[in-house]
Each structure stands twice: as C-alpha cells, then as structure tokens.
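Each remark here refers to the structure printed beneath this line.
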Amino acid sequence: MIEVWPAIDLIDSQSVRLTEGDYETKEAMARTAEEAVQFYSRYKCVKRIHVIDLIAAKTKQPVEADYIEQLVGLTDLPIEVGGGIRSTETVEDYFNKGVAYVIVGTKGIQDTAWLKTAAEQFPNRIYLSVDAYVDEIKVNGWLEETGLNLFEFVKTIEHLPLGGLIYTDISKDGKLEGPNFELTKQLAQATALPVVASGGIRSSDDLKRLEADGVHAAIVGKAANTEAFWEGLE
C-alpha cells in the first residue's frame with residue numbers, strides 16, 4: 001500500500017481546509033489538530049503526518065511553530081512541516097522542536113542555490129513542494145505566478161539530496177474530485193526523486209491508482225476528515 005500522509009492545515013492553531021488555496025474558503029474541520037493527530041496515529045498505512053502553517057505561507061515566517069511542537073509530542077509518527085520556511089535557521093528550529101522533515105516551497109523554487117545548501121546540510125529531510133495550476137508553478141501561498149514549467153524546473157533540481165518532491169495541482173485541491181493522475185504519473189516517470197501526490201485525493205481507489213503509477217506517497221486533506229475514507233484501511 002502506498003504511504004498515506006494525512007494533512008493538517010493550521011490557521012490560529014485551528015485545523016482548517018481551503019479550496020484551491022483560497023483563504024476566503026476556510027472551513028474548520030470537525031476534529032481539532034490534536035484529535036486529528038491521535039486519530040491518524042491509529043492506522044498502519046499512515047507513515048507520517050503533514051502539517052502546514054497556512055498563515056506563515058503568506059507572512060513568510062513561522063506562526064505556529066510552538067503549537068506544532070505540542071503536536072509532535074502527541075504521536076510517535078514523524079511529522080513534516082511546511083509553510084513560510086525561508087531560512088536555514090527556521091529549518092533548524094523545526095528540527096530542534098522534534099519535527100522529522102520540513103517542506104520548502106517558494107524559497108526553494110526562487111533560490112535553488114539555497115535549496116542545494118539546505119539539502120546538503122540535511123540530506124533526505126528536506127522536501128520540495130511544487131504547487132502548480134496543472135504544470136505552471138505558483139508560489140507564495142499559490143498567489144503569485146512564476147512563469148516556470150513544472151517538468152523543466154524539476155530537471156534542474158532532481159540531482160539534489162532531497163527527501164522527495166510534493167506535487168499539488170492547485171486546480172484539484174480541496175475539491176474531492178481526484179488528483180491530477182496523468183501529470184502526477186508523468187512526473188513520477190520523469191524524475192528519480194520520490195514523488196508525493198497532493199490535492200483532491202478522495203478514496204482508497206485513488207491511492208491504488210497512484211501506487212500503480214509509481215507515486216511514493218499521498219497527502220490526504222479534506223477526505224481524511226471523513227469516516228468513509230478510512231473504511232477498509234488499516
């Protein structure tokens with residue numbers, strides 16, 4: 001079974017979900033972040049928990065770091081954190097708080113020299129999040145265009161000792177309509193880096209298809225807050 005990484009998105013220490021990254025669509029989840037961590041920790045298919053500081057993605061500096069440290073203490077599972085990570089100092093601070101992996105996006109895309117240094121300093125603990133409308137990369141909380149093509153950009157960084165590449169098709173995010181299977185498969189075939197699918201994943205059928213396509217893991221957000229998603233999973 002493909003690895004499942006349930007997502008917890010935080011605003012004001014509250015577990016929320018957005019649609020297409022639009023902060024105006026904020027929807028509070030039924031479980032608190034603490035309850036979600038404990039719930040997800042029951043399942044063998046869950047290999048880590050994916051936590052995003054949504055406000056930090058806009059302000060470009062961590063907001064929820066102390067709260068995330070509390071979440072780390074609630075589970076034996078590794079926790080990975082993203083959102084607003086723009087410096088090596090922030091990376092080190094998260095690792096010192098017990099976070100296992102960190103996700104960089106905008107900074108890593110706009111400053112590949114910094115990404116190289118960080119990846120070499122913390123091999124296999126840095127994941128690069130590449131968020132795109134289909135294959136056109138966007139940054140700064142999905143608010144800004146870059147003019148970069150997903151596949152062309154990945155070729156320039158795939159030699160780095162990254163933990164993997166997280167691909168989100170923004171047009172699919174939060175809609176429970178399925179991920180972009182075709183492009184995710186193409187990406188998994190185009191790079192030696194482990195590819196992690198994110199955005200729109202609905203069910204175990206989606207997980208099976210992604211696994212067949214060579215995808216390493218699946219980040220599951222809104223669907224992970226439904227009982228139906230977990231039926232039949234261990």
Side-chain angles (χ1 to χ4, degrees), residues 2-10 33 37 40-41 46-132 137-141 146 148 150 153-168 187-188 190-198 215-219:
I2 189 173
E3 292 188 10
V4 177
W5 301 354
I8 299 173
D9 292 350
L10 297 174
V37 166
Y40 299 145
S41 297
V46 174
K47 302 302 182 184
R48 73 179 68 171
I49 297 174
H50 174 89
V51 178
I52 299 296
D53 182 343
L54 285 176
I55 297 301
K58 293 179 71 174
T59 63
K60 306 178 185 180
Q61 57 184 0
V63 176
E64 302 280 4
D66 291 339
Y67 181 62
I68 289 169
E69 184 176 19
Q70 295 176 38
L71 298 181
V72 169
L74 297 178
T75 181
D76 292 330
L77 289 173
I79 285 184
E80 66 177 13
V81 175
I85 297 174
R86 299 292 200 278
S87 69
T88 304
E89 290 75 20
T90 300
V91 173
E92 291 176 335
D93 184 54
Y94 272 127
F95 287 154
N96 290 337
K97 291 180 184 300
V99 169
Y101 306 96
V102 301
I103 304 154
V104 299
T106 299
K107 177 67 173 179
I109 292 166
Q110 295 181 330
D111 187 349
T112 54
W114 177 84
L115 179 66
K116 179 178 184 294
T117 300
E120 290 174 348
Q121 184 173 351
F122 305 106
N124 303 313
R125 297 185 72 186
I126 307 283
Y127 281 72
L128 182 65
S129 178
V130 183
D131 304 329
I137 296 174
K138 299 191 77 171
V139 293
N140 285 322
T146 65
L148 296 172
L150 171 67
F153 175 76
V154 168
K155 288 178 185 176
T156 69
I157 53 87
E158 66 177 352
H159 63 287
L160 300 178
L162 296 164
L165 189 70
I166 298 172
Y167 166 58
T168 304
L187 189 59
T191 180
L193 288 171
V195 170
V196 180
S198 175
V215 175
H216 174 69
I219 294 171

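This structure is a prediction, so every number in the text was calculated from the model and none was measured.
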Hey, could you give me the [atom1]/[atom2] distance between [X] and [Y], rounded to the nearest 0.5 Å?
| X | Y | atom1 | atom2 | result |
| --- | --- | --- | --- | --- |
| Tyr94 | Ile103 | OH | CD1 | 10.0 Å |
| Leu150 | Asp131 | CG | CG | 10.0 Å |
| Tyr40 | His50 | OH | NE2 | 11.5 Å |
| Glu80 | Arg48 | CD | CZ | 5.0 Å |
| Ile109 | Lys138 | CD1 | NZ | 12.5 Å |
| Leu165 | Tyr127 | CG | OH | 10.5 Å |

[Y] and [X], any side-chain heavy atoms less than 4.5 Å apart:
| X | Y | value |
| --- | --- | --- |
| Arg86 | Thr106 | yes |
| Ile157 | Leu193 | yes |
| Lys47 | Pro78 | no |
| Glu64 | Leu54 | no |

For the backbone of [Y] and the side chain of [X], can you confirm whether one donor and one acceptor N or O come within less than 3.5 Å of each other?
| X | Y | answer |
| --- | --- | --- |
| Thr191 | Leu187 | no |
| Arg125 | Ala100 | yes |
| Asn96 | Glu92 | yes |
| Thr117 | Ala113 | yes |
| Thr146 | Ile137 | yes |
| Asp53 | Val63 | yes |

*side-chain contact (heavy atoms from CB on, under 4.5 Å) assessment of Leu10 paired with Ile68*: CA-CA 9 Å; Leu10 297 174; Ile68 289 169; 3.9 Å; yes

Closest heavy-atom contact between [X] and [Y]?
| X | Y | value |
| --- | --- | --- |
| Gly163 | Pro194 | O-CG, 3.5 Å |
| Leu128 | Gly105 | CD1-O, 4.0 Å |
| Val4 | Pro6 | O-CD, 3.5 Å |
| Val196 | Ala218 | CG1-N, 4.4 Å |
| Thr90 | Pro62 | CG2-CG, 3.4 Å |
| Ile2 | Ala217 | CG1-CA, 3.7 Å |

Are there more than 12 heavy atoms of other residues, nucleotides or ligands under 6.0 Å from atom NZ of Lys97?
->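 Yes, NZ of Lys97 has more than 12 neighbouring heavy atoms, counting only those of other groups under 6.0 Å.
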
(Q) Assess the residue pair Leu160 and Thr112 against the criterion (side-chain contact (heavy atoms from CB on, under 4.5 Å)); give the C-alpha distance rounded to whole Å, side-chain angles, the decisive distance to 0.1 Å, and a yes or no. (A) CA-CA 10 Å; Leu160 300 178; Thr112 54; 5.9 Å; no

**OP:** Report yes or no: do Trp114 and Ser87 form a side-chain donor-acceptor pair below 3.5 Å?
**Re:**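 Absent: no donor and acceptor within the cut-off.
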
* In a check of side-chain contact (heavy atoms from CB on, under 4.5 Å) between Leu162 and each of Val104, Asn124, Leu115, which one passes? ->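 The single option meeting the side-chain contact (heavy atoms from CB on, under 4.5 Å) with Leu162 is Leu115.
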
